[in-house]
Amino acid sequence: MFYHSKELHFKARVSKPDARFASLMLEQFGGGNGELSASMQYFVQAFACHNPYPDKYDMLMDIAAEELGHLEIVGATIQMLLAGVNGNMKDAVEKNDVFGEKFSKDDFIHSAFSVNPQFGTISAGGPMLVNSAGAPWQATYINANGDLTVDLRSNLASESRAKIVYEYLMQFTDDKYVLETLNYLMTREVAHYQQFEAALETIKPNFPPGVLQSDPRYGNLYSNHSAGGSEGGPWSEGISPEFGEEWRYVEHPRAQVLETDGLTKLDIEGSDRTLASVRAADRKLSKERSTEIRRSVKDGVQQWCSYDASEREQEQTRREPVEQH
């Protein structure tokens with residue numbers, strides 16, 4: 001159940017119309033890294049968490065709802081930046097000067113159409129579920145894999161991309177009120193990043209993503225595929241950050257492939273893990289995760305939520321006006 005409040009979560013304002021920036025703002029309305037994408041992604045991810053991880057279900061739904069509120073803020077800002085377009089488009093009695101030879105009306109109307117023709121031909125000056133290039137929003141933007149550790153990592157990337165888009169947008173406007181809104185929205189992306197990161201840390205183990213462990217024969221290889229050598233770093237030298245294994249730098253990967261029959265006869269080096277220990281870990285974690293899911297599914301009729309009469313009475317009491325004495 002969703003409840004809409006007419007008050008925006010943040011006091012969105014603009015100093016003056018700006019059709020060009022309104023077009024840029026569409027990126028966060030109907031773009032791949034925008035607020036609708038974030039809201040739908042977390043909304044879809046939440047379903048798999050409902051029974052086994054109710055706390056994560058609440059978190060994902062809360063943030064999805066907040067992102068929908070952010071979508072409203074972005075849409076409202078776009079509408080204010082396009083102030084005047086809609087009214088002129090509705091003036092059907094007289095031929096609109098926009099389409100005639102005269103150009104006596106506000107130049108802003110003309111600039112709005114030149115920047116984004118869809119403002120005049122489709123939306124009559126309102127926001128649309130398209131990105132700044134006019135490409136329509138699509139469900140392929142959504143990442144939901146049904147594994148919480150994978151989904152949370154997708155969310156970290158989503159929040160990072162959304163944050164940097166707001167950061168870029170802030171460079172293209174000098175409207176102090178719009179900058180306030182963008183700063184708020186950008187900051188909330190940082191907050192959500194930390195919330196998803198904290199949620200991921202409550203799941204142990206959470207590396208590698210999913211359930212199956214990696215093969216110790218291949219998990220610490222760094223192959224040089226650059227002509228003339230490659231620059232080293234902590235990704236190819238020293239100890240790996242997650243497994244704590246020693247990186248094996250392969251100077252000539254083709255020679256290694258030929259010598260090991262396509263890596264099928266490669267020895268385990270730089271790792272304390274063995275194929276047997278990995279298989280044992282696979283079985284243990286698989287049983288643990290599957291048990292969590294099965295335990296949350298009860299036999300018989302399935303019901304998504306309960307309707308507590310006492311809670312209903314409390315809600316009714318809360319809404320009843322207080323008598324004045």
Side-chain angles (χ1 to χ4, degrees), residues 41-42 45-46 48-49 51-57 59-60 143-161 192-297:
Q41 177 159 307
Y42 309 152
Q45 290 174 353
C49 300
N51 289 334
Y53 315 112
D55 55 339
K56 310 302 191 302
Y57 174 83
M59 178 198 68
L60 287 166
N143 292 295
N145 295 92
D147 184 284
L148 193 52
T149 66
V150 176
D151 285 345
L152 288 172
R153 285 185 168 89
S154 293
N155 297 350
L156 293 175
S158 295
E159 294 294 333
S160 299
R161 289 191 296 268
H192 292 162
Y193 183 101
Q194 296 177 90
Q195 290 160 359
F196 289 133
E197 191 173 43
L200 181 61
E201 284 303 306
T202 67
I203 306 171
K204 296 294 185 180
N206 65 38
F207 185 87
V211 174
L212 299 179
Q213 305 300 297
S214 63
D215 192 315
R217 292 175 295 177
Y218 317 126
N220 60 350
L221 297 180
Y222 183 92
S223 298
N224 173 29
H225 292 282
S226 304
S230 61
E231 298 292 332
W235 52 87
S236 62
E237 302 172 350
I239 304 301
S240 64
E242 295 290 348
F243 282 131
E245 298 174 343
E246 184 178 354
W247 289 117
R248 298 167 62 185
Y249 184 85
V250 182
E251 180 68 37
H252 304 290
R254 183 173 184 274
Q256 183 191 49
V257 167
L258 296 174
E259 293 170 0
T260 60
D261 193 22
L263 302 184
T264 59
K265 297 178 180 179
L266 186 68
D267 294 329
I268 298 175
E269 295 180 17
S271 173
D272 293 331
R273 297 183 299 154
T274 65
L275 292 177
S277 69
V278 165
R279 285 193 292 269
D282 288 345
R283 289 192 295 269
K284 179 181 178 183
L285 187 56
S286 295
K287 184 177 180 180
E288 181 180 316
R289 294 285 163 79
S290 62
T291 299
E292 289 176 350
I293 304 298
R294 292 193 182 99
R295 187 185 297 123
S296 66
V297 179

Asker: What distance do Trp235 atom CH2 and Trp247 atom CH2 have between them, rounded to the nearest 0.5 Å?
Answerer: 11.5 Å
Asker: Holding to side chain to side chain donor-acceptor pair (under 3.5 Å), I want the full list of residues that pass it with Tyr193, two or more places apart in sequence or in another chain.
Answerer: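 Scan of Tyr193 (side chain to side chain donor-acceptor pair (under 3.5 Å), adjacent residues dropped) gives none.
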Asker: Once you round to the nearest 0.5 Å, how far does CG of Leu212 lie from CZ of Arg279?
Answerer: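 Those atoms lie 12.5 Å apart.
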Asker: Is a side-chain donor or acceptor of Thr260 paired with a backbone partner of Thr264 at a separation under 3.5 angstrom?
Answerer: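 No; zero donor-acceptor contacts below 3.5 Å.
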Asker: Can you tell me how far CG of Asn155 sits from CG of Leu200, rounded to the nearest 0.5 angstrom?
Answerer: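 Result: 10.0 Å between the selected atoms.
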Asker: Once rounded to the nearest 0.5 Å, what's the spacing between atom CZ of Arg153 and atom CD of Glu197?
Answerer: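 Rounded to the nearest 0.5 Å, the CZ-CD separation comes to 10.5 Å.
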Asker: Would you compute the distance between atom CG of Asp151 and atom CG of Asn143 and round it to the nearest 0.5 angstrom?
Answerer: 8.0 Å
Asker: For Ser223 and His225, indicate whether the former's side chain and the latter's backbone hold a donor-acceptor pair under 3.5 Å.
Answerer: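 Absent.
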Asker: Could you report the tightest heavy-atom contact between Val150 and Gly210, atom names first, then the distance?
Answerer: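 Val150 and Gly210 have their closest heavy atoms at CG2-N, 4.1 Å.
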Asker: Which atoms form the tightest heavy-atom contact between Pro205 and Arg289, and what is the distance?
Answerer: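 Shortest heavy-atom contact: O-NH2, 2.7 Å.
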Asker: Partners of Lys265 by salt bridge (Lys or Arg N to Asp or Glu O under 4.0 Å), sequence neighbours excluded?
Answerer: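 Not a single residue meets the salt bridge (Lys or Arg N to Asp or Glu O under 4.0 Å) criterion with Lys265.
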Asker: Which heavy atom in Glu237 sits nearest to a heavy atom in Gly232, and how many Å separate them?
Answerer: OE2-CA, 3.7 Å
Asker: Please check: side-chain N/O of Ser286 versus main-chain N/O of Asp282, any donor-acceptor pairing under 3.5 Å?
Answerer: yes
Asker: Would Asn220 and Phe243 satisfy side chain to side chain contact (heavy atoms under 4.5 Å, CB included), going step by step from the backbone distance to the final call?
Answerer: CA-CA 9 Å; Asn220 60 350; Phe243 282 131; over 6 Å; no
Asker: Can you list the residues that meet the side chain to side chain donor-acceptor pair (under 3.5 Å) rule with Asp147, with sequence neighbours excluded?
Answerer: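 For Asp147 the side chain to side chain donor-acceptor pair (under 3.5 Å) partners, ignoring immediate neighbours, are Thr149.
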Asker: Would you confirm whether Asn51, through its side chain, and Val297, through its main-chain N or O, come within 3.5 Å as a donor-acceptor pair?
Answerer: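 Between the backbone of Val297 and the side chain of Asn51 there is no qualifying donor-acceptor contact (under 3.5 Å).
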Asker: Just do the side chain to side chain contact (heavy atoms under 4.5 Å, CB included) check on Leu152 and Asn206 with the steps written out, would you?
Answerer: CA-CA 10 Å; Leu152 288 172; Asn206 65 38; over 6 Å; no
Asker: Under 30°, 30 to 60°, or over 60°: which ring-plane class applies to Tyr249 and Tyr222, parallel, tilted or perpendicular?
Answerer: parallel
Asker: Check for a donor-acceptor pair, side chain of Gln213 on one end and backbone N or O of Val211 on the other, with a separation under 3.5 Å.
Answerer: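 At least one qualifying donor-acceptor pair exists.
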Asker: Could you walk me through whether Gln45 and Gln41 pass the side chain to side chain contact (heavy atoms under 4.5 Å, CB included) check?
Answerer: CA-CA 6 Å; Gln45 290 174 353; Gln41 177 159 307; 3.4 Å; yes
Asker: State, yes or no, whether a side-chain contact exists between Ser158 and Phe196 at a heavy-atom distance under 4.5 Å.
Answerer: no
Asker: Could you tell me whether a side-chain N or O of Glu269 sits under 3.5 Å from a main-chain N or O of Glu246, the two making a donor and an acceptor?
Answerer: no
Asker: Hey, what do you get for NE2 (His192) to CG (Leu156), rounding to the nearest 0.5 Å?
Answerer: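 Result: 12.5 Å between the selected atoms.
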Asker: Are any non-hydrogen side-chain atoms of Pro216 and Leu275 less than 4.5 angstrom apart?
Answerer: yes
Asker: Side chain to side chain contact (heavy atoms under 4.5 Å, CB included) for Ile268 and Arg273? Distances and angles first, verdict last.
Answerer: CA-CA 8 Å; Ile268 298 175; Arg273 297 183 299 154; over 6 Å; no
Asker: Just checking Asp272: does its CG atom have more than 12 heavy atoms from other residues, nucleotides or ligands closer to it than 6.0 angstrom?
Answerer: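 Open.
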